[in-house]
Structure formats: structure tokens, C-alpha cells
Amino acid sequence: MDAAALDRQARTLSGCIPPLLVSRLLEAGHSEEVEVQARRGEWFCARAWAQLLGDQGRQTEALEVLSPYVATGWWPAAQVQAELLDSWGQAEEAIALALPYASTGGPPLEYFSRLLARHGRTDEAVTRLSAGIEDRLLAAALVDIAEGAGRDEDVAPLLAARIPDQHRCDGPWCCHGLGPDEAIELLATIRERQGRVDEAIVLLRTRRITSVNNRDQLADLLARHDRIEELRAYAVTDHLGHAAQRLAEALEERGDVEGAIAVYRRPGDSQDFRCHGTVRLAELLARHGRGGEAVDVMRVLAEAHNGDDWILHTWSNLCLEQGRPEDGLAHLDALAAARGCEEEWDLYWMRLPLIAARDGVDVAVAQALSHPEGATSYAAPHIAELLAAAGRTEEAVAVLEKHAAANSDELAGYLIDLGRANDAVALLQQRDSEPVSPVWTGSLINDPPF
């Protein structure tokens, strides 16, 4: 066992038992297998088993399980042990364990600082994080901790200094570390919680990049403070559509469903907004018992974007959820006919659940196998899923076993369901020949994992 091998397990989830299947083993009553594998170098088994032992009050045994992993110097193992110690009321031991790793910066320092703050050492945490404010992860932690420490006015100037008067990032990787737009958003967070909402709004209006992970901080702020008319005006100018989405959400939360529908029906400034806004409109209608309208809305979108796979997936799933598989199949059949009845598997497979719902699983499987790509390794999981959903897990296993190497996780899951835990573990532990890569330290600045 060494840190590089453990790091590869965690990054690639290959040649090991991944977290979801560890949970599946435990849920299926195979705790003995998890314990055995935890002691043989399976990190995700060790993590789950130690947590389970801790929950049972067997703390010494939990630490024994983690000990060889922590001994490698691998931070994720030390973090799990520190989290357990902290949860058991052993904060000083957790702090002592995490301290040596904090000097590397990045995630270890973030965790260590939050740990200090939770146990009354907020000033020390603020000092440590302030020195690393150029790291966006540490800067975000600093803003969180400053609130509880009453140090907002100490942190705000540090962020303001990262906001030059002229430069604004035009992409997420423009500036190394904490860029101006991120500093603006963090400073706005401080101003908002200080009650200086207008200042926060002014700050957020200076950003070049307005949305992160499909959320817009200004839109969220306006909604939180019930400034609906300002949010409505902002939604008109936001070409990404995220402000309009937040406006519709706010109106729906207030019980104004028709108002939310109207937001999504307005002409958008971009193709992206019109597509995503229509999908959200269909979801909104379906949530409020208007499934027929939702299907009609998505049909129009699917026809306007003939062959766009993500729209077709949404359309098919909606028809299935609304108990109207025939509508979904009719559109897919028309699309196939327009293409000379030749569809690649990537588009073809989405019809299988619809066929199963309308005509039964056997018909769906037969049609899948008749497709030119029906015998491939990438078709096997879709066919197996149909069979397993019908309670025919052994048949699902038989389909996947023909392509075991390409579908090891799916096959292992079904083997676990059949009580064949040993076979599942042996399959998952088949190592490939990929060389072990250097351990990523977790620094977001000097050592990116690209």
C-alpha cells in the first residue's frame, strides 16, 4: 500500500471497489466482505468500514482499519481519520493529525482551518487563510469563517485588493488563483450579510462572468431579498437565462405558477435560453399536474431541434413519466424515417424504455438485439437495465458477461444483487497496466490535475 496507488484508486475508480458498490455490498448484507477488503488495501471499503465501526462505538477498531492508510502520508486518509476523531469529540487529536498536512495549502489547509474555527480558534484560522487568499478555495473558506469570527472588516480589504479597476476576466482560467470576478462575488457575500445589500448589488453588476455552475449570485441575492421587480429587469438583460430561471423559481415559490410560466414563455435572447427555458417550463408544468401541456411543449421543442440528443432524451423521459410512451415513440420513429431508418445506437437506445412500457420487456430486448450495434459492449448495459428492471437479474448478468471488461461496474452491481459478492469483487479488482501517476497534492495553483 502506498500513497500513489491509493491516489489512483480515488481518482480513477478503476481496479478497485468504487464507493457506490461498497454501499451496495453493505446494503446487501455483505459487511464481512467489506471488512476483508478494507484490510487488503481497498480504500473505499476502509473508509466505509471505519465509519460503520465508529457509528457502533468501536472507535479503536475504526482507527486500526485506517492506520495503514494514514501511515502512507496520503491526505484523504488522514482527513477521514481526523473527521472521525472530531465527530467523537476528540478535536485536539484531529487538529494534531491534520496540522502537518496544512502546510501544503489547498484542501488540507481549508479543512484544517475550518476545523480550527469549529473549535474556537477562529483567529488562527483567519490568519492562516489570509496568507493563502490567492487560492480561490481558501478565499471562500476565509469568507465563511470570517462571519463567525466577526472578522468581516478585516477580510473585505484583502478581497478588494484583488479587484483591479481596469482588468476583468473574460474566461474562468484568465487569472491564476483567485480572479477579480471571484473576489467580487466573495466581497459581495460579506456586504450582503452585513446588511449592505445595495453595495453587494453594485459589486455584482461589475462582473464579466456572471454565472457559475448555472447559478447567478446576483439573481439569487435579489430573490432572497424579495426584490422581484429588480430581478425581473435583470432577467431581461441576462442572455444566459439564469436570472430568468431564478425569477421563475421565486415566483413558483410564492405560488405564482402562471407568472413563472410566463417567464419561460417569453422570447429569449439566445438559442441556449430558449432550449433550456422550454425544458424548465415542461418540468414546471409537470410538477403542477399539467403533464399533457408539458408533453406538448417538449414536442414542439423536439421538432424544432430535430435529432438533438439531449432534447430527445428529455422528451423521451417526460413521455415515460407521463405514461405516454406512444407519443415518445411516434416522434422517434418519425425522426428515424426521415433518416432512412438508420439510427446509431446513441439515439436508438432511448426508445427501449418506451417500447418496454408499451409492448413489454421482451419486445424491447428483441428490438435492441436486432439493431446493428445491439451486440456491442456499449449496448449491453442498456439491455441489461431493461432486464434487471423487470426482475430478470440473471439474464442481465448473462448479457453483461459477454462484455465484462467494458462493463465491470454494472456487472458487479448485478452480481452483488444475486449474492455473488466474491465474483463481483474479483471482477472489480482486475488491474490494468496503466502506470501509477504522481500523487496530486491538492493545490489549486501550483499543481493542477490537468
Supply the atom-to-atom distance [X] [atom1] to [Y] [atom2], rounded to the nearest 0.5 angstrom.
{"X": "Glu27", "Y": "Asp417", "atom1": "CD", "atom2": "CG", "result": "9.5 Å"}
{"X": "Arg420", "Y": "Leu411", "atom1": "CZ", "atom2": "CG", "result": "7.5 Å"}
{"X": "Glu385", "Y": "Tyr414", "atom1": "CD", "atom2": "OH", "result": "5.5 Å"}
{"X": "Arg280", "Y": "Cys275", "atom1": "CZ", "atom2": "SG", "result": "10.5 Å"}
{"X": "Gln429", "Y": "Glu42", "atom1": "CD", "atom2": "CD", "result": "4.5 Å"}
{"X": "Leu301", "Y": "Leu318", "atom1": "CG", "atom2": "CG", "result": "11.0 Å"}

Can you tell me if [X] uses its side chain to pair, donor with acceptor, with the backbone of [Y] under 3.5 Å?
{"X": "Glu373", "Y": "Trp345", "result": "yes"}
{"X": "His371", "Y": "Glu343", "result": "yes"}
{"X": "Asp238", "Y": "Ala243", "result": "yes"}
{"X": "Ser130", "Y": "Val126", "result": "yes"}
{"X": "Ser370", "Y": "Gln367", "result": "yes"}
{"X": "Ser67", "Y": "Leu63", "result": "no"}
{"X": "Asn407", "Y": "His403", "result": "yes"}

Criterion salt bridge (charged side-chain N to carboxylate O under 4.0 Å, His left out) on Arg191 and Asp152, from CA distance to verdict
CA-CA 9 Å; Arg191 295 307 183 215; Asp152 278 346; over 6 Å; no
How about [X] and [Y]: do any of their side-chain heavy atoms sit closer than 4.5 Å?
{"X": "Ser113", "Y": "Ile145", "result": "yes"}
{"X": "Leu97", "Y": "Glu93", "result": "no"}
{"X": "Ile95", "Y": "Leu115", "result": "yes"}
{"X": "Ile383", "Y": "Leu400", "result": "no"}
{"X": "Arg47", "Y": "Pro76", "result": "no"}
{"X": "Trp75", "Y": "Tyr111", "result": "yes"}
{"X": "Arg128", "Y": "Phe112", "result": "yes"}
{"X": "Gln9", "Y": "Thr12", "result": "no"}

Is it true that [X] and [Y] have a side-chain N and a carboxylate O under 4.0 angstrom from each other?
{"X": "Asp362", "Y": "Arg392", "value": "yes"}
{"X": "Arg246", "Y": "Glu249", "value": "yes"}
{"X": "Arg224", "Y": "Asp220", "value": "no"}
{"X": "Glu124", "Y": "Arg121", "value": "yes"}
{"X": "Asp123", "Y": "Arg151", "value": "yes"}
{"X": "Glu134", "Y": "Arg162", "value": "no"}
{"X": "Arg207", "Y": "Asp216", "value": "yes"}
{"X": "Glu293", "Y": "Arg299", "value": "no"}
{"X": "Glu252", "Y": "Arg287", "value": "yes"}

For a side chain to side chain contact (heavy atoms under 4.5 Å, CB included) check, start with the C-alpha distance between Leu159 and Ile184, then their side-chain angles and the critical distance, and finish with the verdict.
CA-CA 7 Å; Leu159 294 168; Ile184 287 169; over 6 Å; no
To check you understand the geometry: which heavy-atom pair defines the closest contact between [X] and [Y], and what is its length?
{"X": "Gly291", "Y": "Gln322", "answer": "CA-OE1, 3.2 Å"}
{"X": "Asp409", "Y": "Leu21", "answer": "O-CD1, 3.7 Å"}
{"X": "Leu66", "Y": "Val80", "answer": "CD1-CG1, 4.1 Å"}
{"X": "Leu320", "Y": "Ala357", "answer": "CD1-CB, 3.7 Å"}
{"X": "Ser377", "Y": "Ala406", "answer": "CB-CB, 3.8 Å"}
{"X": "Cys45", "Y": "Ile17", "answer": "SG-CD1, 3.8 Å"}

Got a sec: does the [atom1] of [X] have more than 12 other heavy atoms crowding it under 6.0 Å?
{"X": "Leu20", "atom1": "CG", "value": "no"}
{"X": "Glu326", "atom1": "CD", "value": "yes"}
{"X": "Glu410", "atom1": "CD", "value": "yes"}

Test side-chain hydrogen bond (donor to acceptor under 3.5 Å, both in side chains) on Gln217 and Thr189; report intermediate values, then the result.
CA-CA 9 Å; Gln217 185 175 340; Thr189 297; 3.3 Å; yes
Step-by-step side chain to side chain contact (heavy atoms under 4.5 Å, CB included) determination, Cys16 to Trp43
CA-CA 8 Å; Cys16 68; Trp43 164 242; over 6 Å; no
Reference residue Tyr264; test side-chain contact (heavy atoms from CB on, under 4.5 Å); the match among Val279, Leu281, Thr278:
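Only one of Val279, Leu281, Thr278 forms a side-chain contact (heavy atoms from CB on, under 4.5 Å) with Tyr264, namely Leu281.
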Do you see a donor-acceptor pair shorter than 3.5 Å between the side chains of [X] and [Y]?
{"X": "Glu83", "Y": "Gln51", "result": "no"}
{"X": "Arg58", "Y": "Gln56", "result": "yes"}
{"X": "His276", "Y": "Asn214", "result": "no"}

Let's go through His242 and Thr210 carefully: what are the C-alpha distance in whole Å and the side-chain angles of both, what is the deciding distance for side chain to side chain contact (heavy atoms under 4.5 Å, CB included) to 0.1 Å, and is it a yes or a no?
CA-CA 9 Å; His242 298 146; Thr210 58; over 6 Å; no
Assess the residue pair Arg39 and Trp49 against the criterion (side chain to side chain contact (heavy atoms under 4.5 Å, CB included)); give the C-alpha distance rounded to whole Å, side-chain angles, the decisive distance to 0.1 Å, and a yes or no.
CA-CA 10 Å; Arg39 301 184 187 281; Trp49 186 241; 4.2 Å; yes
Considering the options Asp346, Asp359, Asp333, which one meets the salt bridge (Lys or Arg N to Asp or Glu O under 4.0 Å) requirement together with Arg351?
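Result for salt bridge (Lys or Arg N to Asp or Glu O under 4.0 Å) with Arg351: Asp333.
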Full working for ring-ring contact (aromatic ring centres under 6.0 Å, His included) between Trp74 and Tyr69:
CA-CA 7 Å; Trp74 189 49; Tyr69 297 88; 7.9 Å; no
Step-by-step ring-ring contact (aromatic ring centres under 6.0 Å, His included) determination, His305 to Trp310:
CA-CA 10 Å; His305 296 269; Trp310 80 270; 8.4 Å; no
Parallel, tilted or perpendicular for His313 and Trp349, by the 30°/60° rule?
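Ring orientation of His313 relative to Trp349: tilted.
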